[in-house]
Protein chains: 2
Amino acid sequence: MDARILTIGQLARETGTKVETVRFYEKSGLLPAPARTEGNYRSYDRTHLNRLSFIRRARDLGFSLDQVRALLALSDDREQSCAAVNAIAKEHRAEVERKIADLQSLKKELDRMIDHCGCGIVADCRIIESLSPDGRR
Amino acid sequence: MDARILTIGQLARETGTKVETVRFYEKSGLLPAPARTEGNYRSYDRTHLNRLSFIRRARDLGFSLDQVRALLALSDDREQSCAAVNAIAKEHRAEVERKIADLQSLKKELDRMIDHCGCGIVADCRIIESLSPDGRR
DNA sequence: CTTGACCCTGTAGTGACTACAGGGATCATT
DNA sequence: AATGATCCCTGTAGTCACTACAGGGTCAAG
């Protein structure tokens, strides 16, 4: 067992996290509260480092904190079927796909607005016009 | 001038907005505070209806409230050049493009994870593995 | 001892809403 | 006039995932 002990600042730096965020995760129940030094400093070991890395990785992939929470619980039970893991990941992927579709549709509308803007004065502005009810203001 | 007067509920329904959101926009300074009835109900006219429609439309297109605020100010000055309007819209479009690219990259990673998941038990789960530091837990 | 960096807890803010709570107003019906 | 349903009011707090202080303590090096 790696006996390396880390302060919160060290843990944060190693995982590309802010100190405040680490404390937030602890408060949120995602990261277990660590032992403390005599000076009341948090004292992290490799277990915490691994867990925080997992959390950050999942967050970077856009999983919500609740999804991360569920994934962590699942990953703690190694004999469990990974069907639930799969389901979470697939639902998340579906959501990402929806967001992409929404944004692409949105971009098309913005393209239309911008490409039709002759850019003279506001009174003749096609962007303002298309934001206005009935294109009449 | 259309003399039609609307309550907040009517205004909200006509613009697909929640009553609370209308009050929020008023508090945020986006929508001017309307006259009041003797019973202290808000009393909206067509000007407000037009303005709220503009706000909703811009919000639907993903403009931030500050961007909407700027667009409203620009649209109130009809002799002004619409270069500033154009700039706001283009910046927003660029942001949407960035988001799309991010999400597409993210989706690729999720695809990779999910497609490699044999889905047996957690100990062999490729999703959990790819979330874990060094793929070793 | 001093200094600078880090740590602690608690609180509040971000952006854009959203949801109460408690109480008043309005309208239609009886 | 009473009643019930619906709407309105203000104020407060919550959502999500952080983020940024404020005020004070700890640690290590000089």
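Quick note on labels: first sequence line is chain A, next is B, and so on, each numbered from 1.
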To the nearest Å, give me how far apart CG (Leu52(A)) and P (dC18(D)) are.
11 Å
Walking along DNA chain C from 5' to 3', note the first and the last nucleotide with an atom under 4.0 Å from a heavy atom of chain B, and give both.
dA16(C) to dT26(C)
Rounded to the Å, how far apart are Asn40(B) CG and dC7(D) P?
18 Å
Can you check whether Arg23(B) has a side-chain N or O nearer than 4.0 Å to OP1 or OP2 of dC8(D)?
no
Start at the 5' end of DNA chain D and walk down; is the nucleotide closest to Leu65(A) or to Gly9(B) reached first?
Gly9(B)
Step by step, work out the side-chain contact (heavy atoms from CB on, under 4.5 Å) result for Val122(A) and Asp77(B).
CA-CA 7 Å; Val122(A) 166; Asp77(B) 183 357; 6.0 Å; no
Just the rounded figure in Å: distance from C1' of dC9(D) to CZ of Phe24(B).
19 Å
Go nucleotide by nucleotide along DNA chain D from the 5' end; which of Lys18(A) and Gly39(A) gets its closest nucleotide reached first?
Lys18(A)
Quick check: does any side chain N or O of His48(A) sit under 3.5 Å from a backbone N or O of Pro32(A), one acting as donor and the other as acceptor?
yes
Would you name the heavy atoms of Cys117(A) and Cys82(B) that are closest together and state the gap between them?
SG-SG, 3.8 Å
Atom CG of Asp66(A) to atom P of dC18(D): distance rounded to whole Å?
12 Å
Would you mind classifying the nucleic acid contact of Ser64(B) as base, sugar-phosphate or nothing, using non-hydrogen atoms under 4.0 angstrom?
sugar-phosphate
Please tell me whether Tyr41(B) and Leu52(B) are part of a single hydrophobic cluster in this structure, the criterion being side-chain heavy atoms less than 4.5 Å apart.
no
May I ask you to decide whether Arg98(A) forms a salt bridge with Glu91(A), counting only side-chain N to carboxylate O separations under 4.0 Å?
yes
Counting N and O atoms only, with roles assigned by atom type, does the side chain of Arg69(B) sit under 3.5 Å from a partner on the main chain of Ser28(B), one being a donor and the other an acceptor?
yes
Could you list the donor-acceptor pairs under 3.5 angstrom formed between side-chain atoms of residues 102-112 of chain B and any protein atom two or more places apart in sequence or on another chain?
{"from": "Lys107(B)", "atom 1": "NZ", "to": "Glu97(A)", "atom 2": "OE2", "distance (Å)": "3.4"}
{"from": "Lys107(B)", "atom 1": "NZ", "to": "Asp111(B)", "atom 2": "OD1", "distance (Å)": "3.4"}
{"from": "Lys107(B)", "atom 1": "NZ", "to": "Asp111(B)", "atom 2": "OD2", "distance (Å)": "2.9"}
{"from": "Glu109(B)", "atom 1": "OE1", "to": "Arg57(A)", "atom 2": "NH1", "distance (Å)": "3.4"}
{"from": "Glu109(B)", "atom 1": "OE1", "to": "Arg57(A)", "atom 2": "NH2", "distance (Å)": "2.7"}
{"from": "Asp111(B)", "atom 1": "OD1", "to": "Arg93(A)", "atom 2": "NH1", "distance (Å)": "2.7"}

Determine, stepwise, if the pair Arg51(B) / Glu26(B) fulfils salt bridge (charged side-chain N to carboxylate O under 4.0 Å, His left out).
CA-CA 11 Å; Arg51(B) 194 164 174 97; Glu26(B) 179 186 316; over 6 Å; no
Rounded to whole Å, please give me the gap between CD1 in Ile8(A) and P in dC27(D).
15 Å
Residue mapping more 5' on DNA chain C - nearest nucleotide basis, Lys27(A) or Tyr41(A):
Tyr41(A)
Nucleic acid contacts of residues 92-107 of chain A, taken as heavy-atom distances under 4.0 Å to DNA chain D
none
Using only atom types and a distance under 3.5 Å, with no angle test, would you say the side chain of Thr17(A) pairs donor to acceptor with the backbone of Thr21(A)?
no
Arg13(B) CZ to dC8(D) C1', in whole Å, measures 12 Å
Could you give the CG-to-P distance, from Leu6(B) to dC8(D), as a whole number of Å?
11 Å
dC8(D) phosphate, OP1 or OP2, under 4.0 Å from Arg42(B) side-chain N/O:
no
Going by atom types only, do Thr7(B) and Gln10(B) share a side-chain donor-acceptor pair under 3.5 Å?
yes
Below the 4.0 Å mark, does dT19(D) have OP1 or OP2 next to a side-chain nitrogen or oxygen of Thr21(A)?
yes
Rounding to a whole Å, what distance do you find between Phe63(A):CZ and dA17(D):P?
13 Å
